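Computed from a predicted structure; not experimentally measured.
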Amino acid sequence: MLELIAAAELWLDPVLVGIGGHGGAGKTTLAGMIPGAQIVSTDEFWTGEKFDLERLSREVVEPVAQGSVSRFSSYDWIAGGQRGGRIVEPRGILVIEGVCALHRMFRDAYAVRVWVEAPYETRLARGVARDGEAARSTWVDFWMPSEDRYVARDDPVSCAHLIVDGGSTIDA
């Protein structure tokens with residue numbers, strides 16, 4: 001993956017990288033392994049009811065791709081509401097990571113597209129470890145089926161330049 005990004009850096013500045021995958025697959029961990037990258041999570045665009053991908057496109061992907069500074073308000077999952085604003089500079093490497101990071105709406109903007117794959121059991125264990133045992137039913141009954149529907153409908157895997165095994169190679 002780092003080789004693909006380095007090759008893109010020869011011609012592009014900024015280099016937009018999309019890292020998608022199911023919840024608990026290791027996307028955030030993988031994004032954090034890219035030296036010097038600015039990272040934006042699709043989770044920051046949660047409204048309390050859904051992910052506002054149009055806002056992600058409008059406020060981050062489009063301006064940065066056009067060489068402009070991005071300013072946006074980020075969602076705080078712990079507080080359950082918006083937190084202060086963030087600024088993303090149009091330079092270097094910008095990683096957009098999250099379940100729907102490779103959505104059809106903005107996948108063409110990425111120089112590098114990565115899908116992180118991990119087994120169901122691994123993803124569920126990581127989700128419960130992060131969110132607590134009380135969240136198990138939310139993962140099983142809501143999040144995971146919702147992600148499966150998104151993957152079936154939008155087919156983000158087929159657009160990936162690289163598929164990473166997050167089940168054994170990423171300690172998320």
Side-chain angles (χ1 to χ4, degrees), residues 1-48 50-79 81-118 123 126 130 147 150-151 153-166 169-172:
M1 177 185 67
L2 295 177
E3 293 84 12
L4 287 173
I5 294 169
E9 284 183 295
L10 295 174
W11 294 283
L12 301 171
D13 188 29
V15 175
L16 274 69
V17 177
I19 300 179
H22 291 280
K27 303 171 302 299
T28 303
T29 300
L30 183 63
M33 298 168 104
I34 302 171
Q38 300 175 87
I39 301 170
V40 174
S41 174
T42 60
D43 286 356
E44 296 181 84
F45 291 84
W46 180 251
T47 67
K50 67 178 184 96
F51 293 100
D52 190 347
L53 301 181
E54 290 84 11
R55 187 168 73 87
L56 171 60
S57 182
R58 183 179 64 251
E59 294 181 7
V60 179
V61 176
E62 292 171 16
V64 171
Q66 296 169 3
S68 298
V69 172
S70 163
R71 291 179 175 80
F72 67 95
S73 179
S74 176
Y75 187 81
D76 183 336
W77 282 78
I78 295 175
Q82 295 297 317
R83 65 176 141 216
R86 288 197 53 204
I87 296 174
V88 176
E89 298 290 335
R91 58 164 176 70
I93 301 166
L94 169 60
V95 176
I96 309 288
E97 67 85 14
V99 171
C100 46
L102 298 184
H103 190 279
R104 291 180 188 278
M105 180 183 313
F106 34 73
R107 66 176 62 154
D108 289 341
Y110 299 130
V112 178
R113 296 181 297 269
V114 180
W115 180 260
V116 183
E117 190 63 54
R123 296 183 284 116
R126 289 174 179 168
R130 182 189 69 201
E147 292 171 0
Y150 157 70
V151 170
R153 181 188 68 243
D154 211 58
D155 192 20
V157 182
S158 70
C159 81
H161 297 113
L162 180 65
I163 298 175
V164 174
D165 178 1
T169 58
I170 297 175
D171 184 15

Original post:
Judged by atom type as modelled, is there a donor-acceptor pair below 3.5 Å linking the side chain of R91 to the main-chain atoms of P14?
Top reply: no
Subject >> Derivation of the side chain to side chain contact (heavy atoms under 4.5 Å, CB included) call for E147 and R123 >> reply: CA-CA 12 Å; E147 292 171 0; R123 296 183 284 116; 3.9 Å; yes
**OP:** Start with the C-alpha gap between D154 and R107, add the side-chain angles, then the distance that decides, and say whether salt bridge (Lys or Arg N to Asp or Glu O under 4.0 Å) holds.
**Re:** CA-CA 11 Å; D154 211 58; R107 66 176 62 154; 3.1 Å; yes
Original post:
Do R83 and S74 have a side chain donor and acceptor closer than 3.5 Å?
Top reply: yes
**OP:** Would you sort out whether L162 and V112 count as a side chain to side chain contact (heavy atoms under 4.5 Å, CB included), showing the intermediate values?
**Re:** CA-CA 8 Å; L162 180 65; V112 178; 6.0 Å; no
**OP:** Please round to the nearest 0.5 Å and tell me the distance separating atom CD1 of I96 and atom CZ of R113.
**Re:** 14.0 Å
Subject >> Considering all heavy atoms, the nearest R58-P63 contact >> reply: O-CD, 3.2 Å
Original post:
Got a donor-acceptor contact below 3.5 angstrom from the R86 side chain to the S73 backbone?
Top reply: no
Original post:
Does a side-chain heavy-atom distance below 4.5 Å link I87 with F72?
Top reply: no
Original post:
Any idea which heavy atoms bring P35 and I93 closest together, and the distance?
Top reply: O-CD1, 4.3 Å
**OP:** Compare every heavy atom of C100 with every heavy atom of L53, then report the nearest pair and how far apart it is.
**Re:** CD2-SG, 3.5 Å
**OP:** Would you check if the side chain of Y150 reaches a backbone N or O of D155 as a donor-acceptor pair within less than 3.5 Å?
**Re:** no
Subject >> Candidate pair V99 and K27, rule side chain to side chain contact (heavy atoms under 4.5 Å, CB included), full reasoning >> reply: CA-CA 8 Å; V99 171; K27 303 171 302 299; 4.3 Å; yes
Subject >> Taking every non-hydrogen atom, the tightest pair across A25 and A118 >> reply: CA-CB, 3.8 Å
Original post:
What are the two closest heavy atoms between I34 and I5, and how far apart are they?
Top reply: CD1-CD1, 3.8 Å
Subject >> Centroid-centroid under 6.0 Å between W115 and H22 rings >> reply: yes
Original post:
Counting N and O atoms only, with roles assigned by atom type, does the side chain of D13 sit under 3.5 Å from a partner on the main chain of G92, one being a donor and the other an acceptor?
Top reply: yes
**OP:** Please check if the side chain of R126 supplies one atom and the backbone of G24 the other of a donor-acceptor pair under 3.5 Å.
**Re:** yes
Original post:
Got a salt bridge between E59 and R71, using NZ or NE/NH1/NH2 to carboxylate O under 4.0 Å?
Top reply: no
Original post:
Between CE of M105 and OG of S57, what distance do you get to the nearest 0.5 Å?
Top reply: 6.0 Å
**OP:** Could you walk me through whether V88 and L94 pass side chain to side chain contact (heavy atoms under 4.5 Å, CB included), step by step?
**Re:** CA-CA 8 Å; V88 176; L94 169 60; 3.8 Å; yes
Original post:
Is there a side-chain contact between T42 and L56, using heavy atoms and a 4.5 Å cut-off?
Top reply: yes
Original post:
Do the non-hydrogen side-chain atoms of F45 and V60 ever get within less than 4.5 Å of each other?
Top reply: yes
**OP:** Measure up the W77 and F51 rings against each other and bin them: parallel (under 30°), tilted (30 to 60°), perpendicular (over 60°).
**Re:** tilted
**OP:** Please examine the side chains of Q82 and D76, heavy atoms only from C-beta on, and report whether any two atoms are closer than 4.5 Å.
**Re:** no
Subject >> Contacts of T47 that satisfy side chain to side chain donor-acceptor pair (under 3.5 Å) - sequence neighbours left out >> reply: none
Original post:
Parallel under 30°, tilted from 30 to 60°, perpendicular over 60°: which one fits the rings of F106 and H103?
Top reply: tilted
Subject >> Residue pair V64 / S70: nearest heavy atoms and the distance that separates them >> reply: CG2-CB, 3.8 Å
